[in-house]
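Throughout, a chain's letter reflects where its sequence line sits, starting with A, and its residues are numbered from 1.
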There are 2 protein chains.
Amino acid sequence: MKVAVGRPGTVSGLLLRMGQSLFAAASIAVMVSAFGFSSYTAFCYLIASMGLQALWSFGLACLDFYALWVKRDLLSAVLVSLFVVGDWVTATLSLAAACSSAGVAVLFVRDVNFCRTYPQLECHKYVVSIAFAFITWLLIAISSLVMFWLLASV
Amino acid sequence: MKVAVGRPGTVSGLLLRMGQSLFAAASIAVMVSAFGFSSYTAFCYLIASMGLQALWSFGLACLDFYALWVKRDLLSAVLVSLFVVGDWVTATLSLAAACSSAGVAVLFVRDVNFCRTYPQLECHKYVVSIAFAFITWLLIAISSLVMFWLLASV
């Protein structure tokens with residue numbers, strides 16, 4: 001069974017990759033602009049993980065663009081295996097980063113009320129950055145599933 | 001391409017499922033025995049998610065045992081689809097729970113030094129429970145990949 005959406009070297013694949021890199025970059029930008037993020041390991045890890053995700057997705061977006069430009073098919077078994085491993089590693093790291101940051105944000109907002117006690121903490125920016133990270137993960141999860149499916153049916 | 005390890009209705013599949021339910025139950029037991037866990041949303045979510053995981057894996061372990069007992073093959077497309085969806089949902093929830101709790105634990109141990117400031121918090125139990133949750137996730141991730149591969153090649 002062949003899937004058509006999100007394959008490497010198609011317009012939908014290119015759009016998925018561009019979406020991933022844009023949301024990852026937006027997540028980093030918002031987190032970096034928030035005061036005091038660097039005191040918390042989870043938020044630093046979010047930036048590192050989103051940085052890796054943005055680089056990986058941007059690289060694959062360039063490859064998709066090139067494949068569309070020269071009208072070449074990217075579906076060799078070796079390439080798809082490489083994409084699958086990279087996609088799964090970055091997807092797992094992105095989910096881990098988004099969830100650990102979300103855990104800390106929920107703690108700050110609800111459990112220990114840090115956000116009210118220390119108004120200089122820009123909690124709303126943390127939340128927006130984490131939301132972008134979850135959207136990035138959703139997009140990379142779609143790519144990963146499509147790639148794994150392609151590998152299994154190559 | 002067929003995979004042999006971890007298929008439903010085999011001894012390795014049964015062992016994987018039993019491992020998942022045992023580690024999930026151990027994670028819950030250790031967390032429940034730690035003082036003050038209920039004040040933190042992430043730790044409560046860990047218990048809920050590990051509870052779901054333990055139930056799901058125990059159910060499938062019983063099914064595997066039954067299939068081994070009556071020597072029946074469980075590889076129909078409908079059953080495998082059902083296993084894939086359940087495995088992926090519980091695996092994602094388990095990773096999310098383990099990571100959000102790990103984010104909070106790292107915050108307590110390293111970033112804000114809660115564990116030293118409030119010695120009544122049983123941080124070592126939090127850490128052990130989270131470690132068990134990560135082992136559970138590792139085992140369910142193996143099952144999920146095997147199931148997805150089976151579905152793609154059914």
Side-chain angles (χ1 to χ4, degrees), chain A residues 1-3 36-46 49 77 80-81 84-85 87-89 91-114 117-118 121 126 130 133-134 137-138 140-142 144-154, chain B residues 1-3 36-46 49 77 80-81 84-85 87-89 91-114 117-118 121 126 130 133-134 137-138 140-142 144-154:
Chain A
M1 206 163 81
K2 290 276 175 191
V3 277
F37 78 92
S38 59
S39 313
Y40 306 108
T41 311
F43 296 155
C44 298
Y45 171 50
L46 183 79
S49 173
V80 173
S81 312
V84 166
V85 174
D87 272 358
W88 280 95
V89 170
T92 310
L93 291 179
S94 293
L95 180 62
C99 290
S100 55
S101 300
V104 172
V106 170
L107 185 88
F108 283 0
V109 175
R110 277 196 49 187
D111 302 340
V112 294
N113 266 324
F114 264 24
T117 322
Y118 307 105
L121 279 181
Y126 300 156
I130 293 164
F134 272 110
W137 170 73
L138 207 70
I140 184 78
I142 297 172
S144 310
L145 287 178
V146 170
M147 287 294 170
F148 196 72
W149 195 270
L150 281 177
L151 180 69
S153 50
V154 151
Chain B
M1 206 162 82
K2 289 276 176 192
V3 278
F37 80 92
S38 58
S39 313
Y40 307 108
T41 311
F43 296 155
C44 297
Y45 171 50
L46 184 79
S49 172
V80 173
S81 310
V84 165
V85 174
D87 272 359
W88 280 96
V89 170
T92 309
L93 292 179
S94 294
L95 180 62
C99 289
S100 56
S101 301
V104 173
V106 169
L107 185 88
F108 283 1
V109 175
R110 275 196 50 188
D111 301 342
V112 294
N113 266 323
F114 264 24
T117 321
Y118 307 105
L121 279 181
Y126 300 156
I130 293 164
F134 271 110
W137 170 71
L138 207 69
I140 185 76
I142 296 173
S144 311
L145 287 178
V146 170
M147 285 296 170
F148 196 72
W149 196 271
L150 281 176
L151 180 69
S153 51
V154 152

Option in A:S39, A:C99, A:A141 with maximal non-hydrogen atom pairs under 4.5 Å from chain B:
A:C99
Given the options A:G103, A:S100, A:A105, which has more heavy-atom pairs under 4.5 Å with chain B than any of the others?
A:S100
Look at the aromatic rings of A:F148 and B:W149 and report parallel, tilted or perpendicular, splitting at 30° and 60°.
perpendicular
Find out whether A:D111 and B:F43 are in side-chain contact, i.e. whether some heavy atom of one side chain is under 4.5 Å from a heavy atom of the other.
no
Sort A:V104 into side chain, backbone, both or neither according to what part of it lies under 4.5 angstrom from a heavy atom of chain B.
both
Okay, A:F108 and chain B: the region with an atom under 4.5 Å from a heavy atom over there is side chain
Measuring from B:L107:CG to A:L107:CG, what's the distance to the nearest 0.5 Å?
6.0 Å
Which answer fits B:S101, side chain, backbone, both or neither, if we ask what part of it has an atom under 4.5 Å from a heavy atom of chain A?
neither
Heavy-atom distance under 4.5 Å to chain B: side chain of A:A96, backbone, both or neither?
both
